[in-house]
Amino acid sequence: MSAQITLTLPDGSQRSFDAGVTPAEVATSIATSLGKKAISATVDDQHWDLQWPINTDAAIAINTMKDAEPALKLIRHDLAHIMARAVQEIWPDVKVTIGPVIDNGWYYDFDRKEPFTPEDLGAIEKKMKEIINLRDAVRTEVWERDVAIKYYEDRGEPYKVELIEAIPGDEPLRMYWHGDWQDLCRGPHLQHTGQVPADAFKLMSVAGAYWRGDSDRAMLQRIYGVAFQNKEDLRKYLNMLEEAAKRDHRKLGREMDLFHMQEEAPGQVFWHPNGWTVYTLLQDYMRRKQRGGGYVEVNTPQVVDRKLWEASGHWDKYQENMFIVEVDEEHAREKAVNALKPMNCPCHVQIFNQGLKSYRDLPLRMAEFGSCNRYEPSGALHGIMRVRGFTQDDGHIFCSEDDITAETKKFIDFLAEIYADLGFTDWTIKLSTRPEKRIGSDESWDRVEAALGDACQNAGYAYELLEGEGAFYGPKLEFTLTDAIGRNWQCGTLQVDPNLPERLDATFVGSDNERHRPVMLHRAVLGSFERFIGILIEEHAGKLPFWLAPRQVVVAAIISDANDYVLQKVEELRAAGIRAEADIRNEKINYKVREHSLGKVPVILAVGAREVEEGTVSIRRLGEKQTSVQSFAETLPQLAEDATPPDLRS
RNA sequence: GCUGCUGUAGCUCAGAGGUAGAGCACUCCAUUGGUAAUGGAGAGGUCGAGAGUUCAAUUCUCUCCAGCAGCACCA
């Protein structure tokens, strides 16, 4: 007689079963209909396949499609398998690799000589729907390693063999079948393919991806798909993507006449008057904040001799990302090899090293709006978010190791205030810890990592841990913001660096009258003006806060008899510090309103015969349909108030 | 850098082995119009760059450059 186990259901009731009972059997024992509707179980908080036996007492909940989280996970995961099966049914010689669930969907990596075309995607999608309609049962078994390896070797699936070899020896290998199609997989999966909604998924794109994420290995073809519980959710998602495309900073940058880029200067920005207005406003704001935050501002050279880069270690570790500047042999009076600075830190140490510093000078917070050039890989460039020429709101805090926590907390608060001023509430902190290749003792890493973690907690912010992602010289905090389609961008950062002061021999005299080595905190709030403005545009869909809008007000004449009044009001607005323009073109007001609305001008003041007569303006704010008429004398101070940067408001 | 796709007027795009087209924008003319496109006319292109095939290339082939998506990179 087999042993009995007790399972506790979500309502608290307990039932006794033979050990080895499966959730499928449990579900059917509760109700036949539940047995059919079941998709998986949650057993002691673990996501559990309906076919996996349960051998010990446990809490169990049967999941159905009403349980969104497991449902989505299973739908997407089963679709990954169904897609791989479809691909191999159409092209039997394609090799399969891995296919995980990701946000909104899944991907699967294939090895195939010929590229998948958009038409192929259509064919695969069609085949997938056929497979779903077959309602093939999903079956699972645990296999012995050597059997599994032999199986895949015989089938000519080298990637699967490699995957199995990488799985720790004591871990059971699980196989899944969707119909006759087999894949190595941890599971869990659905009961049968028919449980996948056939109308709520879509194959999105094909792209290259390295096997095991290693650029030295084979380039595979990755097909991305998205899937939801129903057609409506899919439609909403696709709609959201369309809306997001309208917020793309590259598109808005052109439409709002902010900047452009061109072939002759890849990865570098031509700022137009409108864009440069935003840039300088942001810089002015940051300059005020930094002064208030206890920073001194400096400026350092662009072109610096390789000797300094050799000393700092950049020549060794970063050279392939640097623009090297060599003067033509014939014209050179001296044989100097220079590089455009990719970072400001070595130059800041040079300033620190001028004159003897005392512990009384620390912490010394040195800031620079530092123009940097980095030869970024061509494939990494992206609008103004990832560029080769950019300006950081850089800063270096020279302090002692004991100051790290306090300085970090101070910095996080500083950054949070600025992000809030600029309209960001949704940002995350990531703490990257010691990588495999590193310098410094483990004790030192322990201390410094703890200092950063403590600082986050003291400041009241949760952080995500990125183990092993730190710089070789020290751990770092990354502050990331999200673009229109959900891609994360690192903007702010704080990195602890005991290495550079060592290499460039920075010292200060302590209270003990001995020389000591300062620690350097590299830090940036915006990261770079370029990236941050890109994010700012996407976050606000181009409708920048009034104080940052390049053109704040357009005064538009409805009839040409109002032109003089318009010009006069524009003068008065400008005198009050408001960026105002007149529109006295020979066009209808409809035309003007449309054009300036598309140009994201926050306020349009329309003026016709009545307004001239009464000394009023008709105000229309961006995004609002209705207008209101009020006296210009009242309007001006209101607009002036709105135009005040957040840090200067009373 | 890698894989795939793309590059035609300022913008968005159509087109075909026989040296190019639309809409918007631009210029001019008419229109003075009340809150998201007034009408008409005109001008505007080495079809990303270079080479090859061809009687003929913007179209086909190759190389390069740039952009897009993803991967890798982002000390």
Side-chain angles (χ1 to χ4, degrees), chain A residues 107 109 111-112 114-118 120 204-224 248 250-251 254-255 257 260-267 312-314 316-322 342-343 345 374-383 385-387 432 435 437-439 469-474 476 478 485 487 489-490 493 495 497 499-500 522 527-528 531 556-563 584 586-599 604-611 618-629:
Chain A
Y107 67 76
D109 287 348
D111 185 8
R112 178 185 182 222
E114 303 73 33
F116 289 111
T117 64
D120 290 342
M204 302 297 285
S205 61
V206 196
Y210 296 109
W211 169 234
R212 315 213 103 192
D214 184 343
S215 58
D216 290 333
R217 308 196 65 172
M219 171 71 61
L220 307 169
Q221 295 189 65
R222 174 172 298 178
I223 302 180
Y224 285 91
D248 190 313
R250 293 165 297 192
K251 183 178 156 70
R254 197 166 40 238
E255 289 172 0
D257 196 15
H260 86 273
M261 304 177 88
Q262 64 186 52
E263 260 190 52
E264 289 80 358
S312 70
H314 287 84
D316 242 16
K317 300 228 188 260
Y318 204 69
Q319 194 181 157
E320 63 178 26
N321 285 295
M322 287 163 69
M343 299 173 200
C345 25
R374 297 181 187 171
Y375 188 74
E376 299 284 6
S378 58
L381 302 178
H382 179 89
M385 304 271 220
R386 183 85 182 264
V387 286
S432 298
K437 281 187 200 161
R438 60 176 182 268
I439 56 169
E469 295 288 310
F472 71 93
Y473 50 74
K476 63 180 176 185
E478 289 175 25
I485 63 166
R487 286 180 291 215
W489 294 92
Q490 182 199 305
T493 183
Q495 306 180 16
D497 185 359
N499 178 54
L500 199 61
H522 308 255
S528 78
R531 175 175 295 179
I558 296 170
I559 49 166
S560 55
D561 283 347
N563 287 356
I584 54 172
N586 180 12
E587 294 293 349
K588 295 178 95 168
I589 191 65
N590 289 312
Y591 182 90
K592 295 180 183 180
V593 165
R594 177 184 152 81
E595 186 170 289
H596 300 307
S597 298
L598 289 173
I604 298 171
L605 300 180
V607 171
R610 219 161 45 230
E611 286 78 9
S618 167
I619 305 178
R620 182 189 167 112
R621 288 181 190 274
L622 185 57
E624 291 174 17
K625 274 249 180 298
Q626 72 277 42
T627 61
S628 65
V629 176

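These values consider heavy atoms only, across backbone and side chains, with no hydrogens, waters or symmetry-generated copies. Reminder, nothing fancy here: chain letters follow the sequence lines and each chain counts from 1. Here the structure is a predicted model, which is why all the values come from computation and not from measurement.
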task: Would you mind telling me which of B:rG33, B:rU38, B:rU35 lies closest to the side-chain atoms of A:A606?
output: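 The answer is B:rU35, which lies nearest to the side chain.
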Is [X] touching bases, backbone alone, or none of the nucleic acid, heavy atoms closer than 4.0 Å?
X      : answer
A:P115 : sugar-phosphate
A:A609 : base
A:K251 : nothing
A:F472 : sugar-phosphate
A:R254 : sugar-phosphate
A:L598 : base
A:Y210 : base
A:Q626 : nothing
A:G213 : sugar-phosphate
A:A471 : sugar-phosphate

query: Reading nucleotides 59-70 of chain B 5' to 3', which nucleotides get B (base under 4.0 Å from a protein heavy atom), which S (sugar-phosphate only), which -?
result: ------BSSSSB
task: Look only at the side chain of A:R531 and the backbone of A:S528, and say whether a donor-acceptor pair between them is shorter than 3.5 Å.
output: no
Expressed as a whole number of angstroms, how long is the span from [X]:[atom1] to [N]:[atom2]?
X      : N      : atom1 : atom2 : result
A:Q221 : B:rU3  : CD    : P     : 11 Å
A:E595 : B:rU35 : CD    : P     : 18 Å
A:I584 : B:rG34 : CD1   : C1'   : 18 Å
A:K625 : B:rU35 : NZ    : P     : 11 Å

task: Determine, for A:Y210 and A:R212, whether the Lys NZ or Arg CZ falls below 6.0 Å from the six-membered ring centre while staying within 45 degrees of the axis.
output: no
- prompt: For atom C1', what is the distance between B:rC24 and B:rA43, given to the nearest Å?
  reply: 15 Å
Polar pair under 3.5 Å, donor/acceptor by atom type, side chain A:T627, base B:rU35: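 Check fails, no donor-acceptor contact within cut-off.
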message: Using only modelled atom types and a 3.5 angstrom limit, is any donor from either the side chain of A:E611 or the base of B:rG34 paired with an acceptor on the other?
response: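 Result: at least one qualifying N/O pair found.
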message: Using the rule given for side-chain contact (heavy atoms from CB on, under 4.5 Å), can you reason through A:R112 versus A:D120, listing the C-alpha separation, both sets of side-chain angles and the distance that settles it, and then say yes or no?
response: CA-CA 13 Å; A:R112 178 185 182 222; A:D120 290 342; 3.5 Å; yes
- prompt: Got a second to check how far A:Q626's CD is from A:I619's CD1, nearest 0.5 Å?
  reply: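 A:Q626 CD to A:I619 CD1: 11.5 Å, rounded to 0.5 Å.
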task: Any chance you could measure A:R250, atom CZ, to A:H382, atom NE2, to the nearest 0.5 Å?
output: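 The distance works out to 4.0 Å.
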message: Quick check on A:Y318: does its OH atom have over 12 non-hydrogen neighbours (other residues, nucleotides or ligands) under 6.0 Å away?
response: yes
query: Is there a Watson-Crick or G-U wobble partner for B:rG70 with both distances under 3.5 Å, and which nucleotide is it?
result: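 B:rC2 - that is the nucleotide pairing with B:rG70, both distances being under 3.5 Å.
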message: Judged by each residue's nearest nucleotide on RNA chain B, which is more toward the 5′ side, A:S597 or A:E376?
response: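 Closest to the 5' end, via its nearest nucleotide, is A:S597.
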- prompt: Which comes earlier along RNA chain B counting from the 5' end, the contact point of A:N590 or that of A:Q495, where each point is its nearest nucleotide?
  reply: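 Nearest-nucleotide comparison on RNA chain B picks A:N590.
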message: Quiz question: by atom type and distance under 3.5 Å, do the side chains of A:R222 and A:Y224 form a donor-acceptor pair?
response: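 Yes, because at least one side-chain N or O of A:R222 sits under 3.5 Å from a partner of the opposite role on A:Y224.
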message: Quick one about A:E264 and A:Q262 (side-chain donor to acceptor, distance below 3.5 Å, no hydrogens or angles considered), yes or no?
response: yes
